[in-house]
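Worth saying up front: this structure is predicted, and the values here are computed from it rather than measured.
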Amino acid sequence: MAEITASMVKELREMTGAGMMECKKALAEAAGDMEAAVDVLRTRGLAAVAKKAGRATNEGTVMAIVNDACTKGALLELNCETDFVGMNEKFKSYAERIARAAMENAPVDVEYIKEATYEGETVDAILTDCIHVMGENCQISRVAEMEAAAVASYIHGGGKIGVLVDFDVTGIDPSSEGFQACGRDVAMQVAAVNPVSATRESVPADVAEHEMEIYKAQAAESGKPENIQEKIALGRMEKFYKENCLAEQDFVKNPDVSVKQYVESCAKELGGTIAIKGFLRFALGE
């Protein structure tokens, strides 16, 4: 029996777009003959994927899900060729299955996720079936997962933007209706305003340094004394944090309070504490 190497499987996958296991089985059946293996896949209807594999995938959907306990979540962007398919509920059901596979097999990346399983089926097989059923090239462009004391999700525009937010909570059930309503509001804020980070402490150091350099240069042009220039720069940096850090932003549903203040009011009502820790945000085609 001919030895089937990983490089052979990879080559056949690139030629046909069929799943890894299907390629491996086809090569084994064809005794390692590449052309014969292509014929095997064609006979099974799997090589039809190859005709679609080169098509551009500029549309699709973003899927954001959490588990029942609301302590784990996954975010996925699944692309296709047309907006018509991207908005199709069947297509979205494939995206949800792949996202659930990501959540159950964390940590994941785009390559690893294809070998992960959901309800006994590999993601590669789910994706191949999606291509056949939807009749378009479909590709996973990115995937991420999140695990925390509490996780909330939000999907905007029917799949144009997906968000996960993680929280530290004490004395509150993260799966409770009250907490999830609060968490969803915070996730909606992320979708709408696209903050740089969750808190000022989590702003990347290079971003903060770059902003401060600009503000110092702007202040220097004022011609005012150095001590005044420093105050001007620091004031503008404070404004940057307020506008770009999720916890400090004006809450879109009530601009009279910050997001942090809103979350603290929710925690008080629920009899515990809630702190925003971080978030993930995917925008379709970003």
Side-chain angles (χ1 to χ4, degrees), residues 62-76 96 99-100 102-108 143-156 161-209 211-212 234-283:
V62 175
M63 183 60 59
I65 61 166
V66 295
N67 65 354
D68 291 341
C70 299
T71 55
K72 288 183 179 182
L75 202 55
L76 169 85
E96 182 177 350
R100 292 198 177 281
M103 189 168 63
E104 293 178 6
N105 293 274
V108 292
V143 62
E145 81 288 334
M146 175 182 284
E147 184 170 4
V151 180
S153 67
Y154 174 68
I155 299 173
H156 176 74
I161 299 173
V163 174
L164 293 176
V165 183
D166 66 304
F167 303 83
D168 268 347
V169 297
T170 55
I172 298 172
D173 178 2
S175 66
S176 66
E177 185 177 340
F179 174 79
Q180 282 300 307
C182 176
R184 176 181 167 83
D185 279 343
V186 176
M188 286 175 65
Q189 174 93 15
V190 175
V193 187
N194 193 15
V196 169
S197 68
T199 64
R200 66 171 61 194
E201 292 78 17
S202 59
V203 173
D206 59 332
V207 173
E209 288 170 8
E211 291 299 318
M212 193 59 178
L234 289 172
R236 289 176 178 171
M237 197 67 199
E238 282 296 315
K239 184 180 179 183
F240 170 83
Y241 287 134
K242 181 173 171 52
E243 292 178 348
N244 293 281
C245 298
L246 174 61
E248 299 185 37
Q249 287 177 335
D250 292 338
F251 182 40
V252 291
K253 284 190 171 183
N254 179 8
D256 291 333
V257 300
S258 67
V259 174
K260 181 180 179 180
Q261 289 170 329
Y262 167 69
V263 168
E264 288 174 345
S265 68
C266 291
K268 186 175 181 180
E269 287 183 14
L270 296 170
T273 64
I274 305 172
I276 301 167
K277 301 301 292 180
F279 63 84
L280 294 170
R281 182 185 188 272
F282 284 1

**Asked** Which residues pass the side chain to side chain contact (heavy atoms under 4.5 Å, CB included) test with K268, sequence neighbours left out?
**Response** none

**Message:** Going by the rule side chain to side chain contact (heavy atoms under 4.5 Å, CB included), which residues pair with I65 if we only count those two or more places apart in sequence or in a different chain?
**Reply:** M63, A74, E96, A99, R100, M103

**Message:** Less than 3.5 Å apart, any donor N or O on the side chain of E243 or Q249 sitting next to an acceptor on the other?
**Reply:** no

**Complete:** In terms of heavy-atom contacts, A64 and G162 come closest through CB-CA, 4.4 Å

Show the atom names and distances, to 0.1 Å, of all donor-acceptor pairs under 3.5 Å that link a side chain in residues 144-153 to residues at least two apart or in another chain.
from, atom 1, to, atom 2, distance (Å)
E145, OE1, V108, N, 3.3

**Asked** Are the side chain of N67 and the backbone of T71 linked by a donor-acceptor contact shorter than 3.5 Å?
**Response** yes

**Message:** Using the rule given for side-chain contact (heavy atoms from CB on, under 4.5 Å), can you reason through L75 versus V143, listing the C-alpha separation, both sets of side-chain angles and the distance that settles it, and then say yes or no?
**Reply:** CA-CA 6 Å; L75 202 55; V143 62; over 6 Å; no

**Request:** To the nearest 0.5 Å, tell me how far K242 NZ sits from S258 OG.
**Result:** 7.0 Å

**Value rounded to 0.5 Å, distance of NZ in K72 from CD in E104** = 8.5 Å

**Prompt:** A198 and F279: which non-hydrogen atoms are nearest, and at how many Å?
**Reply:** N-CE2, 3.5 Å

**Message:** Taking the side chain as everything from C-beta on, heavy atoms only, tell me whether V165 gets closer than 4.5 Å to V190.
**Reply:** yes

**Prompt:** Step by step, would you call F179 with D173 a side-chain contact (heavy atoms from CB on, under 4.5 Å)?
**Reply:** CA-CA 7 Å; F179 174 79; D173 178 2; over 6 Å; no

**Request:** Write down the atom of I161, the atom of R281, and the distance for their closest heavy-atom approach.
**Result:** CD1-NH2, 3.5 Å

**Fill in**
Shortest non-hydrogen pair, I274 vs C182, comes out as CD1-SG, 4.5 Å

**Which atom of V203 lies closest to which atom of Y241, heavy atoms considered** = CG2-CE2, 4.1 Å

**Request:** With salt bridge (charged side-chain N to carboxylate O under 4.0 Å, His left out) as the test, would you mind laying out the steps for E248 and R200 before giving the verdict?
**Result:** CA-CA 8 Å; E248 299 185 37; R200 66 171 61 194; 2.8 Å; yes

**Request:** Side-chain contact test, heavy atoms from C-beta onward, threshold under 4.5 Å: evaluate it for M237 versus E211 and give yes or no.
**Result:** yes

**Message:** For the CG atom of L164 and the CG atom of L280, what is their distance to the nearest 0.5 Å?
**Reply:** 5.5 Å

**Request:** Compute whether any side-chain donor of one residue and acceptor of the other, for D185 and Y262, lie under 3.5 angstrom apart.
**Result:** yes

**Message:** If you apply the rule side-chain contact (heavy atoms from CB on, under 4.5 Å), what do you find for I155 with F282, and how did you get there?
**Reply:** CA-CA 10 Å; I155 299 173; F282 284 1; over 6 Å; no

**Message:** Working to the nearest 0.5 angstrom, can you tell me the gap between L270 CG and I172 CD1?
**Reply:** 4.5 Å

**Prompt:** Just wondering, more than 12 heavy atoms not from D206 lying within 6.0 Å of its CG?
**Reply:** yes

**Prompt:** Can you name the closest pair of heavy atoms from S175 and C70 and give their distance?
**Reply:** CA-SG, 3.7 Å

**Request:** Measure the spacing between CZ of F251 and CG of L246 and express it to the nearest 0.5 Å.
**Result:** 10.0 Å

**Asked** Quick one: CD1 on I276 to CG on D166, what's the gap to the nearest 0.5 Å?
**Response** 10.0 Å

